[in-house]
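Bear in mind that the values here come from a model prediction, so they are computed numbers and not experimental data. Whatever order the structure lists ligands and atoms in, that order sets their numbers, starting from 1.
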Amino acid sequence: MDSNLDWLDDLSPAERAQLDLRARQIGGELFGSLERRQAHIWQWRYWDDRILDWSMRDERLKVQLFRFVDVLPMLHSGDAITGHLLEYLDRAPGRVAGAARRALHLADRFALTRSLVAIAARYSASNFARRFIAGENLPTVLRAARRERDLRRGFTLDILGEAVTSESEAEQYFRAYLELLETVSPEVRAWPEDPQVDRDDRGPLPRMNLSIKLSALDSQFDAIDPQGALRESGARLRELLRVARQQGAFINVDMESYEKKDLTLHIFKTVLAEPEFRDVTDVGIVIQCYLRDAERDLHELRDWAAQRGTPVWVRLVKGAYWDYETLKAKANGWPIPVWQKKWQSDANFERQTRFVLRNREHLRPALGSHNLRSIAQGIAFAEQLGVPQNGLELQMLYGMADSEKRALVERGQRLRIYMPYGDLIPGMAYLVRRLLENTANDSFLRAGVSERATPDMLLGNPASRASSPTAESAKGQSELREPQTTQEAPMPTTFANQPPVDFALAEHREAMRGALAQVKSQLPRTCPLVIGGETIATAATEVSIDPSQRSRVVGRFSLAEREHVDQAVAAAKRNLPAWSALGAERRAEYLRRAADIMRERLFELAAWAVLECGKPWREATADVDEAIDFCEFYAQQAIELERPGGKDVPGEENRFVHVPRGVTAVIAPWNFPLAILTGMSAAALATGNTVVMKPAEQSATIGSLLMEIFQQAGLPPGVLNFLPGRGEVAGAALVDHPDVALIAFTGSREVGLAINARAAEISRGKTARSRMVKRVIAEMGGKNAIIVDADADLDEAVLGVAKSAFGYAGQKCSACSRAIVLDDVYDTFLNRLVEATRSLKLGPAEEPSTFIGPVIDDESQQRILKYIEIGKQEGRLVLGIDAGKLAEQGSFVGPHIFADVPPTARIAQEEIFGPALAVIRAKDLDEALQIANDTDYALTGGIFSRSPQNLERASREFLVGNLYLNRAITGAMVSRQPFGGFKMSGIGSQAGGREYLLQFVLPRTITEHTVRRGFAPPSEDAGE
Ligand SMILES: Cc1cc2nc3c(=O)[nH]c(=O)nc-3n(C[C@H](O)[C@H](O)[C@H](O)COP(=O)(O)OP(=O)(O)OC[C@H]3O[C@@H](n4cnc5c(N)ncnc54)[C@H](O)[C@@H]3O)c2cc1C
């Protein structure tokens, strides 16, 4: 028996063989009737095909060409077009690119030829676009639909566009969907009937068929908040369903990326189970067979439809986001949700096709594919089940596989064409996806049309394409039988970041909700001092409160006085010799144990951060992730650091080692309440120092939890001491203490500079005990800018700036507080940014939908409000959200955007640490860079640009510690983006990087002269 056919385990061996034979027969017939005629040299299509052919031969050229297509709509002059084309080709080595580059360089010399190149490039791209996009307005799309009908094919319309960044854009989308339903439906109803298109075995079908995306109906469509998404997009979906019913039209819900999949299914099922829509039959949804979840989702959909009592349509596809899903999961360390081998997606598509066909009573089948084998298998299985020919709908994309379409219609199959319509600019992303699909190595179309593979190869059972037949099929079979969302992650051999919590998973949302409830039931937590392993409750205490709700006391903490500082430093000093002698390996064990405890308590710790520091869910879990990373990373780095170095020569042995500096004072801020406190402490501990840890007053409870975790991890008493208290008392006493060798501080510039000055003063003292120069590591503020270039992808730039400026209410030292925007795109960018920001939800941190929570306390709120008043004088207030009633219960400040701010204005120069953004106009990149660098700070910065030259220039000239190209500027990850700046932003090297630990140690070199009376032991270095 051919073990590969085990994939077909829902069939008996005889059925299997019969099905495969028939699928090959049907596929062969279809393949034989394909028109394999090439376009002529005078047709545009000929040139389109040549370009695709060239690009397919060289992956790097392909990437550069598609990048050019992507940016083209933003280029408005001949110079910009030829300039970009040259820049991209310069980055594509190879013969074809070289020839094109030489020709272009020639053309670039003269204004006339430059313009001609620009016209040709535009024309060619629009032609490409027109191949895949049915029209830019209603009349053209109607004409295209009519042409399809003349070819005996139905249609489904899709409105082009990618990211919906604001409520106003969601409203526009919704209106456009309504307009399509209301204008196209009556028109197409009047067309004469074509039974091959207009009927299936159950009767007439709606002619107007609209494909919609639920995320287009709600700018905050996010799985973290299913209720909110259901409320917003559900309301609009209901309205569309009502109008569709009036107009006799069909609504299909498309499927987008994996993070939206469960939410899309949830909203679809919830709305369509409501009494008003329970009987709607003209409605469908997409299931993507490249997903491991597909089988489970289909089973659940079938059960739901059976319960509902009315069937729904299912469009089975493989899926359009394979690369994105793969790289996103890899980047986050998540299980990869899509099959990793093409044949697995193909085999799954076949298996799910059979499932849907068997369950036709509840799930009406539509197959969306251009793969003749996938289609033929579907037709063959439908035949075997006795499904009438018109009982199976086939669907294909506009502009693709035209000869297949003809062959299928001639065979009498019912075929519907997916017709995207809309402007070229939003259309470019769609176009690039289609180009990628047409030229992908694994694509059926590429194999079938471009490379002339044999029918046998193309039409064979997908399982037979498994590279290692026995092993692969056995593995694949069990994977397919039990669809899972998880995959065994390989054991990391080096440091790997803690995967961020994926709130698209219901279990994580549940865990967060549960943790919040549990933590709330324990409030307030009592937080004593811990000195030498002893807990000390002081008479005087202070409280930390929930900034989202002033009446909620989160923690009650003891206040360390000067005497406690003396005791804690003494305990740390006493324990220093034993701890430092332990060695990095043993110390690493404690840190790794602490990391494990944090992993176990992840949601609980995050809940404390939500309640004590007003961190929204994602920010709060990311804070715990980072704390875990610091423990793991520094543990590993300290082991590396401990390996002795040194070069021996005959007669001389050299050892280069590091020793701890001594007692370390860690003075931490509240904005990353667990991560920064853990990071600074873990670095000191890993390298053999002992620590006195002082958290910020606003986050003392989280500090006490960290102390508890290290105690649970078994850290010897006195190695880490915990001193909550006032900065002016406990903090100042720690800085002053002569036995404190190192101060690791993160916080404001004012305090950082004061600590630095004070440490120098103390070091100058003449007492016997101050025999060292105190070392200060200080991470201070920023006035971070993002430059938006004239050719930037504005979808990305708007979202990137909004996230960087208003995430955690702008209270990250990495936050963006200046957007420097080039003249050409200034107004468009500003309008979209204002609308996008207006749509962000301001609210209590514990609500999952909240994007902007409170600021840390009332003092901070008042300071920010003062800056807002200054901003009103210095710039043009274009958005000022009033926190309204929220401000009565907590320390809320709504987001504010000031436009046309002079670069030297106070709000463009001073750190505000709140949700206020200055937007500054720049005439060109020179000016933008000059403005960006012209502050006291140099922490983070970013640029959105699609010009490789401009990106390179920014890399050289935009002088900040962390520069981000084409992404948000917050969210640095340990090891991947070591974090920290210079100028007034900090003293010291970047946290989470390889050099960070060097600041916690002293270098020593030990040299031994090994010659005794003219002889010496052999030296290893000398190879003797
Ligand atoms: C009418 C219609 C509507 C569609 N609607 C949607 C939709 O709403 N949402 C959506 O996501 N897609 C949708 N698609 C599907 C998508 O856009 C692609 O067209 C489709 O996946 C291509 O599959 P194929 O069978 O035509 O080609 P094939 O060449 O047989 O398959 C290509 C597909 O295989 C998968 N693949 C590629 N490489 C690998 C690999 N290494 N391992 C595993 N799998 C791999 C990918 O899904 C890729 O697209 C739709 C397609 C059509 C025709």
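- The shortest separation from a heavy atom of E325 to ligand 1 is not under 4.0 Å, leaving the residue out of contact.
- Every atom of ligand 1 is numbered from 1 in the order shown, and the set under 4.0 Å from a heavy atom of Q288 is 9 (N), 10 (C), 11 (O).
- Within the 4.0 Å heavy-atom shell around ligand 1 one finds G319.
- Using bins of under 30°, 30° to 60° and over 60° for the plane-to-plane angle, the ring pair W313/F250 lands in the perpendicular bin.
- The protein heavy-atom contact nearest to atom 18 (C) of ligand 1 is E437 OE2, 3.2 Å.
- Aromatic ring orientation, Y177 versus Y173: tilted (interplanar angle from 30° to 60°).
- Nearest protein heavy-atom contact of atom 36 (N) of ligand 1 is K342 CD, 3.7 Å.
- Of all the heavy atoms of F444, the ones lying under 4.0 Å from any atom of ligand 1 are found in both the backbone and the side chain.
- Taking atom 17 (O) of ligand 1 as the reference point, the nearest protein heavy-atom neighbour is R434 NH2, 3.2 Å.
- Ligand 1 lies nowhere less than 4.0 angstrom from a heavy atom belonging to V338.
- Looking at H370 next to ligand 1, an N or O pair under 3.5 Å apart turns up.
- For the pair R236 and F174, the distance from NZ or CZ to the six-membered ring centre is under 6.0 Å and the angle to the ring normal is within 45 degrees.
- At a heavy-atom cutoff of 4.0 Å, ligand 1 is contacted by the side chain of Y321 but not by its backbone.
- Of all heavy-atom pairs between G378 and L357, the closest is O-CD1, 3.6 Å.
- Taking distance alone, with nitrogen or oxygen atoms compared against 3.5 Å, M396 stays at or beyond that limit from ligand 1.
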